Enquirer: 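Could you have a look at this structure, given as structure tokens, before my questions?
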Amino acid sequence: MRRLSELDRYRDLAWERRHLGQVAVGYDKGGCFLLESETRSGVQLHIIAGNGMGWDHVSVSTSLEETPTWAEMEQVKRLFFRDHEVAMQLHVPVSEHISYHPWTLHIWRPHFKKLPTPPGFMVGPASQNC
């Protein structure tokens, strides 16, 4: 994950005060951020990011009552993580579901383990790169 202080220009100071009880400008362990969607005009992406206990974590919701799109999650991944880092969205067993907000998606990356990825040919032909 990038140092969160690198993303200070996106910090939502009012949201940080409400959610964290303080402003976290320059703080690298966590914070609240606000982005404009690159793909949907007028849609804001609300982000809470943090790193600790061996994990990087970014939660993403929108200004609408709907989940972020794939393109919006990719936008957030590109901004919060370095190009070479693999990050994931998890689909855990129903018995492990924890949901505080119905329209929020999460991106995770462990600090001390390399995430496996499938061989490219299982995803699609290399000539189909987007």
Side-chain angles (χ1 to χ4, degrees):
M1 176 179 262
R2 296 184 193 283
R3 293 181 55 219
L4 295 176
S5 59
E6 295 174 28
L7 305 173
D8 277 347
R9 70 180 176 269
Y10 301 107
R11 283 193 189 265
D12 185 338
L13 303 181
W15 211 34
E16 284 189 347
R17 281 189 197 94
R18 283 194 312 274
H19 287 71
L20 303 177
Q22 62 186 8
V23 173
V25 172
Y27 185 59
D28 283 324
K29 291 294 182 186
C32 300
F33 302 83
L34 187 62
L35 298 174
E36 293 295 323
S37 171
E38 293 174 345
T39 57
R40 293 193 288 172
S41 179
V43 174
Q44 294 182 316
L45 306 177
H46 299 274
I47 299 155
I48 299 176
N51 55 67
M53 297 179 58
W55 289 91
D56 293 329
H57 172 244
V58 179
S59 67
V60 185
S61 59
T62 71
S63 55
L64 308 172
E65 286 191 356
E66 57 187 51
T67 54
T69 65
W70 172 260
E72 290 163 344
M73 293 301 286
E74 183 62 22
Q75 174 187 350
V76 170
K77 195 273 183 191
R78 284 190 328 268
L79 186 63
F80 281 80
F81 295 87
R82 292 178 179 88
D83 289 346
H84 69 276
E85 292 177 319
V86 176
M88 63 184 167
Q89 289 182 248
L90 292 171
H91 296 269
V92 298
V94 172
S95 62
E96 295 178 25
H97 281 192
I98 300 171
S99 182
Y100 291 109
H101 189 283
W103 312 110
T104 301
L105 296 177
H106 303 266
I107 302 173
W108 297 91
R109 189 186 74 83
H111 291 172
F112 307 113
K113 292 188 179 186
K114 182 177 182 195
L115 292 172
T117 57
F121 74 87
M122 294 181 78
V123 178
S127 63
Q128 298 298 313
N129 289 338
C130 298

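The chain is numbered in sequence order, starting from 1. For clarity, every value in this text was computed on a predicted model and none was experimentally measured.
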Enquirer: Is the shortest side-chain heavy-atom distance between W15 and L34 below 4.5 Å?
Expert: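 W15 does not reach L34 side chain to side chain.
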Enquirer: Are M1 and V58 packed together at the side-chain level, in the sense that at least one heavy-atom pair is separated by less than 4.5 angstrom?
Expert: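 M1 reaches V58 side chain to side chain.
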Enquirer: Do you know the tightest heavy-atom contact between R11 and G30?
Expert: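 Looking at all heavy atoms of both residues, the closest pair is NH1-O, 3.3 Å.
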Enquirer: Please determine which of R40, H46, E36 meets the side-chain contact (heavy atoms from CB on, under 4.5 Å) test together with S63.
Expert: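 Going through R40, H46, E36 one by one, the side-chain contact (heavy atoms from CB on, under 4.5 Å) with S63 is satisfied by H46 alone.
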Enquirer: Enter the distance from R2:CZ to E85:CD here, rounded to the nearest 0.5 Å.
Expert: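 Reported to 0.5 Å precision, the distance equals 8.0 Å.
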Enquirer: Can you give me the closest heavy-atom contact between I48 and C32, atom names plus distance?
Expert: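 Closest approach of I48 to C32, heavy atoms only: CG1-SG, 4.1 Å.
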Enquirer: So how far is it from E66 CD to W103 CH2, rounded to the nearest 0.5 Å?
Expert: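 Those atoms lie 7.5 Å apart.
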Enquirer: Going from CG on L45 to OG on S37, what distance comes out if it is rounded to the nearest 0.5 angstrom?
Expert: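 L45 CG to S37 OG: 5.5 Å, rounded to 0.5 Å.
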Enquirer: With a 4.5 Å heavy-atom cut-off, do T39 and Q75 have their side chains touching?
Expert: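 Answer no - side chains too far apart.
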Enquirer: Can you find a heavy atom in the side chain of Y10 that is under 4.5 Å from one in the side chain of I47?
Expert: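 A side-chain contact under 4.5 Å is absent here.
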Enquirer: How close do V86 and L115 get, heavy atom to heavy atom, and via which atoms?
Expert: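 Result for this residue pair: O-CD1, 3.4 Å.
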Enquirer: Evaluate whether atom CZ of R3 has more than 12 neighbouring non-hydrogen atoms of other residues, nucleotides or ligands under 6.0 angstrom away.
Expert: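 No - once you tally the heavy atoms of other residues, nucleotides and ligands closer than 6.0 Å, there are 12 at most.
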Enquirer: Please check if L13 and L35 belong to a single hydrophobic cluster, counting links between Ile, Leu, Val, Met, Phe, Trp and Tyr side chain heavy atoms closer than 4.5 Å.
Expert: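 In one cluster: no.
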Enquirer: Please examine the side chains of Q44 and T62, heavy atoms only from C-beta on, and report whether any two atoms are closer than 4.5 Å.
Expert: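 A side-chain contact under 4.5 Å is absent here.
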Enquirer: Can you tell if the side chain of F33 reaches within under 4.5 Å of the side chain of L4, non-hydrogen atoms only?
Expert: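 They are in contact (side-chain heavy atoms under 4.5 Å apart), so the answer is yes.
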Enquirer: Can you name the nearest heavy-atom pair linking H97 to V92, along with the distance?
Expert: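 Looking at all heavy atoms of both residues, the shortest contact is NE2-O, 3.4 Å.
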Enquirer: Measuring only between side-chain heavy atoms, which start at C-beta, is T67 closer than 4.5 Å to M73?
Expert: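 The answer is no; the side chains never approach within 4.5 Å.
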Enquirer: Shortest non-hydrogen contact from D8 to G26?
Expert: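 Nearest heavy atoms, D8 then G26: OD2-N, 2.9 Å.
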Enquirer: Tell me whether W55 at atom CH2 has more than 12 heavy atoms from other residues, nucleotides or ligands lying less than 6.0 Å away.
Expert: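 Count over threshold, so yes.
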Enquirer: Which pair of heavy atoms, one from I107 and one from A87, lies closest together, and at what distance?
Expert: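 Minimum heavy-atom contact is CG2-CB, 3.5 Å.
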Enquirer: Parallel, tilted or perpendicular, judged at 30° and 60°: which one describes the rings of H106 and H57?
Expert: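 H106 vs H57 ring planes: parallel.
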Enquirer: State, with a plain yes or no, whether a side-chain heavy atom of D56 is found less than 4.5 Å away from one of F80.
Expert: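 No; the side chains remain at least 4.5 Å from each other.
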Enquirer: For L105 and E72, run side chain to side chain contact (heavy atoms under 4.5 Å, CB included): C-alpha distance rounded to whole Å, both residues' side-chain angles, the deciding distance at 0.1 Å, then the answer.
Expert: CA-CA 11 Å; L105 296 177; E72 290 163 344; over 6 Å; no
